[in-house]
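The structure appears right after this line, and notes come after that.
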Amino acid sequence: RTMLVLARPMPAFFNVNDERYPETRIDTITELSKTARLEVTEKCDGSMGIIYQYENNSPEVATRGSFESEQALWATAYLQSYIKLGHAYVKPMQYTPIVEIIYPGNRIVVDYGKKESLTLVAMIDTETGEELTHSELQWVNNSRPSKLEVVPLYAKSTAQCAIENVRNREGYVFKFFVPGKIIPSRFKAKFEDYRLAHRAMFGMNSRDVWESMRLGVEPGRD
């Protein structure tokens, strides 16, 4: 065993105004935007995929915690067939590409129709955890010549996003590049229609129930 790190996923991040984490309060996030560079991107409604490659083997995709989940196997087959069809893919050796796995059989709430995609949402330095900005992400992606779709970027403030509610979309991701910090701060802002639809489709798990009881919130209400 060489203990060689082949890929580094992004740290877990949480919803805006999650009562468990004071740093997610919207007023705290708004204050953060005064000193940090903010990027607002689409929150895709799929599964996070981590692309990794060992030496000259074909690239593969893992999901968080599994190399052989249904989504990981689909994404690996998709990426490898993508390459066989003549689309070039060269994984930047210094970085771990993070993608959102989207295909009809992996629908959660948002209906993407027949869309099949590995949407590039981040490029993370495998050694340090430092991330490329969206413009750098575009540059690296286009310079390879890999044509993986890149997550959309929006010119919006946190306040503008907070009042939006768009059907058949999940919401936004706020990513703050904080001076002096290598790893950016990230938060999820989900649309109310999405939250209601997700709750109606999947209900609450036991942790949700216990957390609601702790906070004095009626189970089933967010």
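Count residues from 1 along the sequence.
Atom CZ of F67 has 12 or fewer neighbouring heavy atoms from other residues, nucleotides or ligands inside a 6.0 Å radius. Surrounding CZ of R107 are more than 12 heavy atoms belonging to other residues, nucleotides or ligands, all under 6.0 Å away.
Scanning both residues, R186 and K175, for their nearest heavy atoms gives NH2-CD, 3.3 Å. For the pair T41 and L153, the tightest heavy-atom approach, listed with the atom from each and the gap, is CG2-CD1, 3.9 Å. Summarising the geometry of G46 relative to I108, their closest heavy-atom pair is O-CD1, 3.4 Å, with the distance given to 0.1 Å. Nearest heavy atom pair, residue K115 against residue P104, reads O-CD, 3.4 Å.
With rounding to the nearest 0.5 angstrom, the NZ atom of K190 is 13.5 Å from the CG atom of N17. Expressed to the nearest 0.5 Å, how far CE of M123 lies from OG1 of T96 amounts to 9.0 Å. Here the straight-line distance linking atom CG of L196 with atom CG of D193 works out to 6.5 Å at 0.5 Å rounding. Atom CG of D45 sits about 8.0 Å away from atom CD1 of I102, to the nearest 0.5 Å. The structure places CH2 of W74 at 7.5 Å from CD1 of I101, a figure rounded to the nearest 0.5 Å. Taking CZ of F174 as the reference point, atom OG1 of T30 lies at 8.5 Å (rounded to 0.5 Å).
Both F13 and I50 are assigned to one and the same hydrophobic cluster, defined by single-linkage of ILVMFWY side chains at heavy-atom distances under 4.5 Å. F191 and Y154 fall within a single hydrophobic cluster, where Ile, Leu, Val, Met, Phe, Trp and Tyr are joined by side-chain heavy atoms under 4.5 Å apart, directly or via other members. In the hydrophobic clustering of this structure, M201 groups with V110; members are Ile, Leu, Val, Met, Phe, Trp, Tyr whose side-chain heavy atoms approach within less than 4.5 Å, directly or through other members. By the criterion of side-chain heavy atoms lying less than 4.5 angstrom apart, applied directly or through intervening Ile, Leu, Val, Met, Phe, Trp or Tyr residues, V99 is grouped together with Y103 in one hydrophobic cluster. When the side chains of ILVMFWY residues are joined at heavy-atom separations under 4.5 Å, either directly or via intervening members, F176 and I183 end up in two distinct hydrophobic clusters.
Here the side chains of I98 and I124 are in contact, with some heavy-atom distance below 4.5 Å. In this structure the side chain of N106 never reaches within 4.5 angstrom of the side chain of Y112, judged on heavy atoms. With a 4.5 Å cut-off on side-chain heavy atoms, Q94 and D125 count as touching. Contact of the Y52 side chain with the E60 side chain is registered, since non-hydrogen atoms from C-beta on lie closer than 4.5 Å.
Between E170 and K188 there is no salt bridge, since none of the side-chain N atoms of the basic residue sits less than 4.0 Å from a carboxylate O of the acidic one. Here R37 pairs with E39 in a salt bridge; the nearest charged N to carboxylate O distance falls below 4.0 Å.
Judged purely by atom type and a 3.5 angstrom limit, H134 uses its side chain to pair as donor or acceptor with the backbone of V151. A donor-acceptor pair is defined here as one N or O able to donate and one able to accept, closer than 3.5 Å; no such pair exists between the side chain of T28 and the backbone of T24. In this structure, the side chain of Q80 engages the main chain of P59 through a donor-acceptor pair within 3.5 Å. T76 places a side-chain N or O within donor-acceptor distance of the main-chain N or O of V61, the cut-off being under 3.5 Å.
Each of Q160, E164, K43, E42 was compared with Y172 under the side-chain hydrogen bond (donor to acceptor under 3.5 Å, both in side chains) criterion, and only E164 meets it.
Between the side chains of D111 and N168, no donor N or O sits under 3.5 Å from an acceptor N or O. Side chains of Q71 and T63: a donor-acceptor N/O pair is absent below 3.5 angstrom, by distance only.
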